[in-house]
Amino acid sequence: MRFLLAPTDADSLDRLLSAGRVASAEGLDGVLLRASVELPAPLVTAAVLARAVPHILVAVEIPIGDRHPLEVAEEAAVVDLVAGGRLVLVVRAASGTEDDFDETLDFLRTAFGARPFRWSGRRWRSPANLAENVNNPEHRTRLMPPPAQPRLEVWTGGAHGLAATSRGIGHLADVGSDPEELAKLWRTAEDNPAAVGAPRGLSAQWEGGPELVARLRAGRAAFGQDWAVVSAPASAAAELGRYVRPRVVLDELPPGLEDHWDSVTLNRTVLS
Amino acid sequence: MSQVAEGRERDLPERPASALSSRASLTRLGAALWTMQSTVAGPGNFARQYHEFAEDAQLVEQYGFASIWCAEHRIWYDGCCPSLLHVQASAVASTTRLRFNHAMLLAPQHDPVALARAALALDRLSGGRLDLGLALGHRDAEFDALGLRRDRRGVLMDRALDTLADVWAGAYGDRPPLQGPSLPIWIGGMAPRAIARAARYGHGLVLPPTLSPARTRATVTAYSEQLNGSLGGEIGMLRDVFVTDDARAAAAFRQRLRAHYREEIGSWWEIRGRVGFMSGGEVDRQLAFNDRGAIVGSPEAVAAGLSELFDAGVTHVALRVKYDFVERPAMREQLARLAEEVAPLLPAASGPA
């Protein structure tokens, strides 16, 4: 199981950097950023964080379908370059664009490939080859610069992203999703060899260590959950890293180990 | 990867001892123009360039410059940066005072609500250090890739400016910028319509590097008249500069500069109905403007050239030191010479900078 902290209190530069640094220090895999009233453009926030805090994965959850996907792809590619290839893009359908979700998702995945492309879909056309644009017309377009990753990691989020799992695309389920429903879904996806290894994530609210351990173990038992995105204040990162993570990474704990961990954690003895 | 990173760290100079006496005039100077291109004349790995931007910005700030400028294009072979606010965000944590500006950000090619929000995020995270340099864009293929008509770019620009104002006023549920009801906006171009648009909205200007001091003065006058007594914004100008005491180095720079602009004008511009390279002598005619606009020579000569622009009404000059054909150490040397040898020769800014 891998862990991303979705900080609920990263509303300023200092708090954002603190969240990233504490996630790194406490052994979490990275951070997931969503739009907030204070910071309404999570890809911008991600660029700030990724350049300032090395090593951590920086995941960003954004709506797609409400603006041209080439513009979204460009922003993601630039942020991935700034991050040295550590961006994970979690996309969900913007309100009112649910019917176009698969097309927009495929436009993005096509753009992230290295091949020039021509897109003629129901919703998007690129190049549009509009009659008015006459100077040096192009019949294919391309994403420049390309992202740092050979294939930028894209997951879907929310209910409309579920169908993409059958094509091997990772999915981040919303808080409160039914593990049994997710189990059904991933069983269907497994019929497709492309789905092998696709990330199976579930968002969770911070609710204290023991409760979260139980929830994540249940998620793994039900649908093979392998990513946990935990919405929490940065102050919860220590308990996530020291209490939750070890108890979820190992399914079966040797007798006595938890008592030992408790003593180590209680003493907080870190040599420096 | 880590070896490369360590190598870069070693290459970083000590904090430059920027002459404090020159600070006053440096408030009117910025460094330009980061585009993240990998061209035939100057190739460079994209990930390395995007990593280095934060270091370059830090250096620009340490030399005392007030601003760093980026420029946008898209879908071209050289990977010219299409998302300026996102690359500038990467330098927020390594700088504390430096302002971020553009020459230019192509507003009609962006979703205006997304642009407004990206600007809000960068404004907040940078502690209010964002200026928006907005222009129309001119390449048909860029508009076409986004499903937009180039001939509607003026309408799209007005819509973008209106939407920015609406988003920042809370019409979409957002908070206002840190810097006030509006972020500072500088409108690019020298066409009468661009000047009129800037004056109508009370925004500033970014004038092109080809404008002579005389035409600059005339443009500033026209802008001031159209402001009709309202405050207006800064009069910015992008300018090609190269400090050297060596005539051969100056000639070599001019030759490389012409080649640099020849590629852009030849490939992208439509001149009298024909594509640049196919337009006969028109490219050379345009290049002559670039050549005349470049300020090349001794610190005294460069200071004199810049003073003429300030005298003509320009309030902020974005000094272009970053080109695909200039290696990073040479770019740093230009920053140093401009800050330490040219800036002290300039009169300090009077009034608000």
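Quick note on labels: first sequence line is chain A, next is B, and so on, each numbered from 1.
Counting heavy-atom pairs closer than 4.5 Å to chain A, the top-ranked of the candidates Ala141(B), Gly127(B), Ala118(B), Ala91(B) is Ala118(B). Of the listed residues (Arg139(B), Arg175(B), Arg149(B)), the one with the most heavy-atom contacts under 4.5 Å to chain A is Arg149(B). Among the candidates Asp80(A), Leu39(A), Val78(A), Asn136(A), the residue making the largest number of heavy-atom pairs closer than 4.5 Å to chain B is Val78(A). Comparing Leu13(A), Leu130(A), Val134(A), Thr141(A) by heavy-atom pairs within less than 4.5 Å of chain B, the highest count is held by Leu130(A). The candidate from Ala35(A), Ala128(A), Ala41(A) with the greatest count of non-hydrogen atom pairs under 4.5 Å with chain B is Ala128(A). The greatest number of non-hydrogen atom pairs below 4.5 Å with chain A, out of Leu120(B), Val92(B), Leu146(B), is found for Leu146(B). Listed options Cys80(B), Ala54(B), Ser90(B) were ranked by heavy-atom pairs under 4.5 angstrom with chain A; first place goes to Ser90(B).
Looking at Phe53(B), neither its backbone nor its side chain comes within 4.5 Å of chain A, counting heavy atoms on both sides. Interface remark: Ser267(B) contributes backbone atoms only to the contact with chain A (heavy atom separation under 4.5 Å). In this structure, no portion of His73(B) lies under 4.5 Å from any heavy atom of chain A. Asp174(B) touches chain A through its side chain: at least one heavy atom from C-beta onward sits under 4.5 Å away, while N, CA, C and O do not. When heavy atoms are compared at a cutoff of 4.5 Å, Leu17(A) approaches chain B solely by way of its side chain, counted from C-beta outward. At a 4.5 Å heavy-atom cutoff, the contact between Val79(A) and chain B is made by side-chain atoms alone. There is no contact between Arg274(B) and chain A, counting heavy-atom distances below 4.5 Å. If you measure heavy-atom distances from Arg142(A) to chain B, the contacts under 4.5 Å come from both the backbone and the side chain.
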Mind running side chain to side chain contact (heavy atoms under 4.5 Å, CB included) on Glu138(A) and Asp144(B) for me, showing each step along the way?
CA-CA 8 Å; Glu138(A) 296 196 34; Asp144(B) 204 64; over 6 Å; no
Start with the C-alpha distance between His51(B) and Arg51(A), add both sets of side-chain angles, then the distance that settles side chain to side chain contact (heavy atoms under 4.5 Å, CB included), and finish with yes or no.
CA-CA 8 Å; His51(B) 185 85; Arg51(A) 185 60 180 83; 3.4 Å; yes
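Rounded to the nearest 0.5 Å, atoms CD (Glu71(A)) and CG (Asp111(B)) are 6.0 Å apart. Remark: Leu70(A) CG to Gln109(B) CD distance equals 9.5 Å, nearest 0.5 Å. Ser83(B) OG to Glu74(A) CD: the interatomic distance, rounded to the nearest 0.5 Å, is 5.5 Å. Taken from CG in Leu81(A) to CZ in Phe46(B), the straight-line distance is 8.0 Å, to the nearest 0.5 Å.
Two residues are said to be in side-chain contact when any heavy atoms from C-beta on lie closer than 4.5 Å; Ser38(B) and Pro145(A) fail this criterion. Here the side chains of Met144(A) and Arg74(B) are not in contact, with every heavy-atom distance at 4.5 Å or above.
Residue Leu125(B) comes nearest to Ser12(A) through the heavy atom pair CD2-C, 4.0 Å, listed as atom of the first residue, atom of the second, then distance.
Using modelled atom types, one finds no donor on one side chain facing an acceptor on the other under 3.5 Å when comparing Asp140(B) with Asn135(A).
Residue Arg118(A) qualifies as enclosed at atom CZ: its count of foreign heavy atoms under 6.0 Å is above 12. Within 6.0 Å of CZ in Arg193(B) there are 12 or fewer heavy atoms belonging to other residues, nucleotides or ligands.
With respect to Glu38(A) and Arg124(B), no salt bridge is recorded, no charged nitrogen being found less than 4.0 Å from a carboxylate O.
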